[in-house]
Amino acid sequence: QVQLVESGGGLVEPGGSLRLSCAASGSNYDINAMGWYRQVLGKERELVATIRRGETANYADSVKGRFTISRDNAKNMVTLQMNSLKPEDTAVYYCRAEARHITWTINSYFGVWGQGTLVTVSS
C-alpha cells in the first residue's frame, strides 16, 4: 500500500518561511501527480499547488509568487517552499499523490492522502 509521510509544519511569524516535504513510499507503485492542499476548521479543503512528473505546476491564486512546489521523481518526494507567510495561510496542509499499482491498467490511478501537518502563522 502507498503511504505519504509529511514533515516541516510548525509555528512561524508573519513574513517568515517554512518548507514542507512529502515522501511517497510503497513497493510496485507508480506515482503520477503530487500536490498540496490545505484546510481550516469549518471550511472546505482547497488546492494549494500541484505538480506532475513533467514539472508542470499549478498554484492557487492566493499563493502565487510566494509558494513554490517542486519534486524529486526518483524519490517520489514533493516539497512546498512557503515564503512571505501570512496569518491567513494558517491551516492543516495535506499531501496528495496519484498512485497506480504496476500490474493495473495504465492510467488507472487512485488518490492517496497524507495525515496532514499543521502550519501556524502568528506573532
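In what follows, every heavy atom counts, from backbone to side chain, and hydrogens, waters and symmetry copies are set aside. Just so you know, these numbers come straight off a predicted model, no measurement behind them.
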Problem set entry | ring-ring contact (aromatic ring centres under 6.0 Å, His included) partners of Phe67, counting only residues at least two apart | none
Let me have the donor-acceptor pairs involving side chains of residues 116-123, under 3.5 Å, with sequence neighbours excluded, atom names and distances please.
unit_1	atom_1	unit_2	atom_2	d
Thr117	OG1	Gly9	N	3.3

Exercise. In the hydrophobic cluster built from side-chain contacts under 4.5 Å, what are the other members alongside Leu41?
Worked result: none
Seminar exercise, completed: In short, ring pair (Phe, Tyr, Trp, His ring centres under 6.0 Å) pairs touching residues 7-42 with sequence neighbours left out are Tyr29-His101, Tyr37-Trp113
For this session: Find out if a path of hydrophobic residues (ILVMFWY) with successive side-chain heavy-atom gaps under 4.5 Å connects Val92 to Leu80.
Result: no
Problem set entry | Partner of Arg100 by side chain to side chain contact (heavy atoms under 4.5 Å, CB included), out of Ile31, Asn32, Asp30, Asn107 | Asp30
For this session: Indicate yes or no for a side-chain donor-acceptor contact from Glu6 to the backbone of Leu20 under 3.5 Å, with no hydrogens or angles considered.
Result: no
Exercise. What's the spacing between Thr79 OG1 and Ile69 CD1 if we round to 0.5 Å?
Worked result: 8.5 Å
For this session: Can you tell me which residue pairs pass the side-chain hydrogen bond (donor to acceptor under 3.5 Å, both in side chains) test with a partner in residues 60-69, sequence neighbours excluded?
Result: Arg38-Ser62, Asp61-Lys64, Arg66-Asp89
Exercise. Which pairs count as disulfide bond (SG atoms under 2.5 Å apart) when at least one residue sits in residues 23-123, sequence neighbours excluded?
Worked result: Cys22-Cys95
For this session: State whether the number of non-hydrogen atoms from other residues, nucleotides or ligands found under 6.0 Å of Arg19 atom CZ is greater than 12.
Result: no
Seminar exercise, completed: Closest non-hydrogen atoms of Leu18 and Gly10, given as atom of the first, atom of the second and distance, are CD1-O, 3.9 Å
Exercise. For Lys75, which residues count as a side chain to side chain contact (heavy atoms under 4.5 Å, CB included) partner, sequence neighbours excluded?
Worked result: Asp72, Met77
For this session: State yes or no: do Val78 and Tyr59 share one hydrophobic cluster built from I, L, V, M, F, W and Y residues joined by side-chain heavy-atom distances below 4.5 Å, directly or via other members?
Result: yes
Problem set entry | Contacts of Arg45 that satisfy side chain to side chain donor-acceptor pair (under 3.5 Å) - sequence neighbours left out | Gln39
For this session: Examine Val12 and Val48 and state if one hydrophobic cluster contains both, with Ile, Leu, Val, Met, Phe, Trp and Tyr joined whenever side-chain heavy atoms are less than 4.5 Å apart.
Result: yes
Exercise. From Met34 CE over to Thr50 OG1, what is the distance, rounded to the nearest 0.5 angstrom?
Worked result: 11.5 Å
Problem set entry | With Asn28 via side chain to side chain donor-acceptor pair (under 3.5 Å) - residues at least two apart | none
Seminar exercise, completed: Those residues at least two apart in sequence (or on a different chain) that pass ring-ring contact (aromatic ring centres under 6.0 Å, His included) with Tyr94 are none
Exercise. Who pairs with Asn83 by side chain to side chain contact (heavy atoms under 4.5 Å, CB included), at least two apart in sequence or on another chain?
Worked result: Ser17, Gln81
For this session: Please check if atom CD in Gln1 has more than 12 non-hydrogen atoms from other residues, nucleotides or ligands closer than 6.0 Å.
Result: no
Exercise. Same cluster for Leu11 and Tyr93 if Ile/Leu/Val/Met/Phe/Trp/Tyr side chains link at under 4.5 Å?
Worked result: no
Exercise. Taking only residues two or more places apart in sequence or in another chain, which ones pass side chain to side chain contact (heavy atoms under 4.5 Å, CB included) with Val40?
Worked result: Lys43, Ala91
Seminar exercise, completed: In terms of heavy-atom contacts, Val112 and Ala99 come closest through CG2-CB, 4.2 Å
